[in-house]
Peer 1: 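Questions regarding the structure given below will be posed in turn.
Lettering of chains follows the sequences in order, A, B, ..., and the numbering in each one begins at 1.
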Amino acid sequence: MAIQESDLMQKIVSLSKRRGFVFQSSEIYGGLKSAYDYGPLGVELKRNLMAEWWRAMVHEREDVVGLDASIIMHPDVWKASGHLAGFSDPLVDCRNCKERFRADKAPKVEAGTDIDYLEGGKKGGKKLKAKAERSYVCPQCGSPDLSPERQFNLMFRSNIGPVDVLGRITEVVERERNLTGADLRAKIEEVVKESAVYLRPETAQAMFVQFLNVQQTMSMKVPFGIAQMGKSFRNEVTVEHFIFRSCEFEQMEMEYFCEPGTQGQWLDYWVEQRMAWWRAFANNKDKFRTRAHEKAELAHYADRCYDIEYDYPWGWGELEGVASRTDYDLKKHSESSGTKLSYFDQNKNDPATGKPGYRYTPYVIEPAAGATRGLLVYLIDAYHEEAVPDAKGEDATRVTLRLHPRLAPIKVAVLPLVKKDGMPEAARKVVDTFFKAGINVRYDEQHAIGKRYRRHDEAGTPYCLTIDGQTLTDGTVTIRDRDTMKQERIAADRALEVVQERLRKI
RNA sequence: GCGGGACUAACUCAGUGGCAGAGUGCAACCUUGCCAAGGUUGAAGUCGAGGGUUCAAAUCCCUUGUCCCGCUCCA
């Protein structure tokens, strides 16, 4: 059944709530913008997704190791990485060409003079003339038509320590009564900064900062990678599309350190690896694509970058970025901390001198994926409706989440056909074997069997084991496939083995 | 950030100034023997929040929150 794209997101949001995948945060208090909670099924799906990533990126590789760093780091980390730069500098938007720029870096003019510029900043645009209200114009199009200067807080700022920072601010305000505006602000900033800490806007920096510790303790040889999953926080300008862009989100990032000059081949390698990983769990593999960044689009630290994009109901959008970050971050942290973050290869000659031993700052390839975006992508990918006649022969819609069995929150539902004649007891015995094997199983005896099947279809449960009258006489159960609704009869004491086999081979 | 729309039971929604409703779901019991089965009974709502107009507000007005759509912005 074709699903209208505009309806699809609504259906997914609705199902997410109905079945316990995603709830709005603090809903009973009216909700909080762009914050979501992962319910009983959502947390399983997210954990499964992240476990698969960890398995592919860390456990199944000899050249990558893991890290789980603190969310709050030394503030100088963010100064060195460049994340703090936009913090204290006022930013201005050009109303003419929409460029956003730092006021202190803009071309200077004399306030009050007439300025000529082109509409939209484009060649052939209408010629415009206006008086400069401020002492600078837009660096892009020369327009004096500008928004007010504004402080943008990309990062969530807090203050560490038990002393209330408001008390210190009050002292400053009382002491500096003659100061106003920017001067007063600067004084307050000084006091706030003493104890200021930031919630990390990406997990990446910890992997650069801990580069030496990880490399030395694990005796890693370049090329090697450090992988980390976890929460990051950004004050986004706009939040949108359910969990697609939110201020608190979860990342799966890996920094792959390689020899300068080899970054191109490693970039290509990781783009291919990551693409294959996403597609492996998807039903609609052509909904994923890669897109190379234009030169102008590249971040200041990158020399090349690919986005892995997904065809969301609202169009193509980012899912993972694979960036060639050069040696920017390690160099910055070396300069800033005074600790040399470099690698010494005893088996190579220095290309500059030809002498044995080569010390260099590694280049970095960074596959950075959104875990919560991944969850959304797989929910969209899995959502399936089909017309199936119901017991009365009337048209009904069957909703199935065709999640990959390894991602599915519940792997197996064990269902007594009716709750009498010893069937619940026989079912619980089967359930127990799955408990012991560490496979997420649900026992379910509520309502008619058909309803239980459909409920588990919506939850994405790939297999239902049904205990019926025959189980009691010959020890067999039926195993039902979520997508085909076909049933097979197997021995109850082989059920665990059969499910394990199916989970393994896909 | 701008414009438009929505918000009523757990879900989907009806109700446009006069008793708070339906279907689904949920709970209990009976029945039932494989694809949202039938029956009986039951619980469930500060009508997003706050203020105002009115004899009377889910309904009209103002403020506000959240979500959605489009543009814009961000990356």
Side-chain angles (χ1 to χ4, degrees), chain A residues 5-20 23-36 39 86 91 93-95 97-100 147-148 150 152 154 201-202 234-245 247 249 291 293-294 296-302 305 307 309 313-315 317-318 320-321 323 368 370 373 386 388-400 415-421 423 446-458 464-472 477-482 484-487 489:
Chain A
E5 292 213 324
S6 53
D7 296 340
L8 180 56
M9 275 309 285
Q10 279 177 15
K11 286 177 172 175
I12 284 167
V13 172
S14 170
L15 184 142
S16 291
K17 182 177 177 186
R18 189 169 68 245
R19 288 290 175 234
F23 305 127
Q24 172 149 48
S25 163
S26 321
E27 191 182 74
I28 63 169
Y29 285 102
L32 182 65
K33 198 170 196 144
S34 171
Y36 295 92
L91 297 178
D93 289 316
C94 173
R95 292 196 174 112
C97 74
K98 312 302 181 195
E99 177 79 0
R100 173 170 289 172
S147 77
R150 281 180 291 214
F152 278 78
L154 163 77
E202 60 177 23
R234 288 179 200 170
N235 274 317
E236 296 287 352
V237 175
T238 45
V239 292
E240 57 188 354
H241 301 308
F242 194 40
I243 57 174
F244 175 77
R245 177 174 284 127
C247 292
F249 59 106
R291 188 181 65 82
H293 276 212
E294 310 271 335
E297 202 181 351
L298 289 172
H300 59 282
Y301 50 74
C305 185
D307 276 351
E309 296 189 325
W314 59 89
E318 189 185 353
E320 172 161 0
R373 276 187 188 178
E386 64 190 303
V388 174
D390 63 17
K392 286 172 267 178
E394 286 170 34
D395 283 349
T397 304
R398 185 171 84 108
V399 175
T400 315
L415 317 169
L417 191 58
V418 290
K419 48 178 169 182
K420 61 177 188 185
D421 300 337
M423 289 183 207
Q446 287 171 308
H447 306 293
I449 188 72
K451 265 188 199 174
R452 282 177 272 166
Y453 285 148
R454 294 299 165 87
R455 200 161 48 218
H456 279 287
D457 288 341
E458 266 198 347
C464 290
L465 294 172
T466 305
I467 279 69
D468 57 12
Q470 200 177 328
T471 309
L472 307 169
V477 297
T478 61
I479 181 166
R480 169 190 182 268
D481 182 89
R482 174 193 67 203
T484 64
M485 294 195 282
K486 290 214 176 92
Q487 287 176 281
R489 192 162 275 280

Peer 1: Going by side-chain hydrogen bond (donor to acceptor under 3.5 Å, both in side chains), name the residues that satisfy it together with S25(A), two or more places apart in sequence or in a different chain.
Peer 2: none

Peer 1: Who are the ring pair (Phe, Tyr, Trp, His ring centres under 6.0 Å) partners of F244(A), not counting sequence neighbours?
Peer 2: Y312(A), W314(A)

Peer 1: For R18(A), what residues pass the side-chain hydrogen bond (donor to acceptor under 3.5 Å, both in side chains) criterion, not counting sequence neighbours?
Peer 2: S14(A), E458(A)

Peer 1: List the residues meeting side chain to side chain contact (heavy atoms under 4.5 Å, CB included) with K451(A), not counting sequence neighbours, and say none if there are none.
Peer 2: H447(A)

Peer 1: For R480(A), enumerate each residue passing the salt bridge (Lys or Arg N to Asp or Glu O under 4.0 Å) test, keeping only those at least two apart in sequence or located in another chain.
Peer 2: D457(A)

Peer 1: Output one letter per nucleotide in nucleotides 8-14 of chain B: B when a protein non-hydrogen atom lies under 4.0 Å from the base, S when only the sugar-phosphate is that close, - when neither is.
Peer 2: --SSS--

Peer 1: Hey, what are the protein-to-nucleotides 21-25 of chain B N/O distances that come in under 3.5 Å?
Peer 2:
from	atom 1	to	atom 2	distance (Å)
rG25(B)	OP1	K451(A)	NZ	3.1

Peer 1: Please identify each residue that fulfils side-chain hydrogen bond (donor to acceptor under 3.5 Å, both in side chains) with R373(A), with sequence neighbours left out.
Peer 2: none

Peer 1: Apply side chain to side chain contact (heavy atoms under 4.5 Å, CB included) to H293(A) and list each qualifying residue two or more places apart in sequence or on a separate chain.
Peer 2: R291(A), E297(A), L298(A), C305(A), D307(A)

Peer 1: Any N/O pairs under 3.5 Å between the protein and nucleotides 42-50 of chain B? List them or say none.
Peer 2:
none

Peer 1: Run the side chain to side chain contact (heavy atoms under 4.5 Å, CB included) test against A368(A) and tell me which residues pass, sequence neighbours left out.
Peer 2: E253(A), E366(A)

Peer 1: Only counting residues at least two apart or in another chain, list the ones meeting side-chain hydrogen bond (donor to acceptor under 3.5 Å, both in side chains) with T471(A).
Peer 2: D468(A)

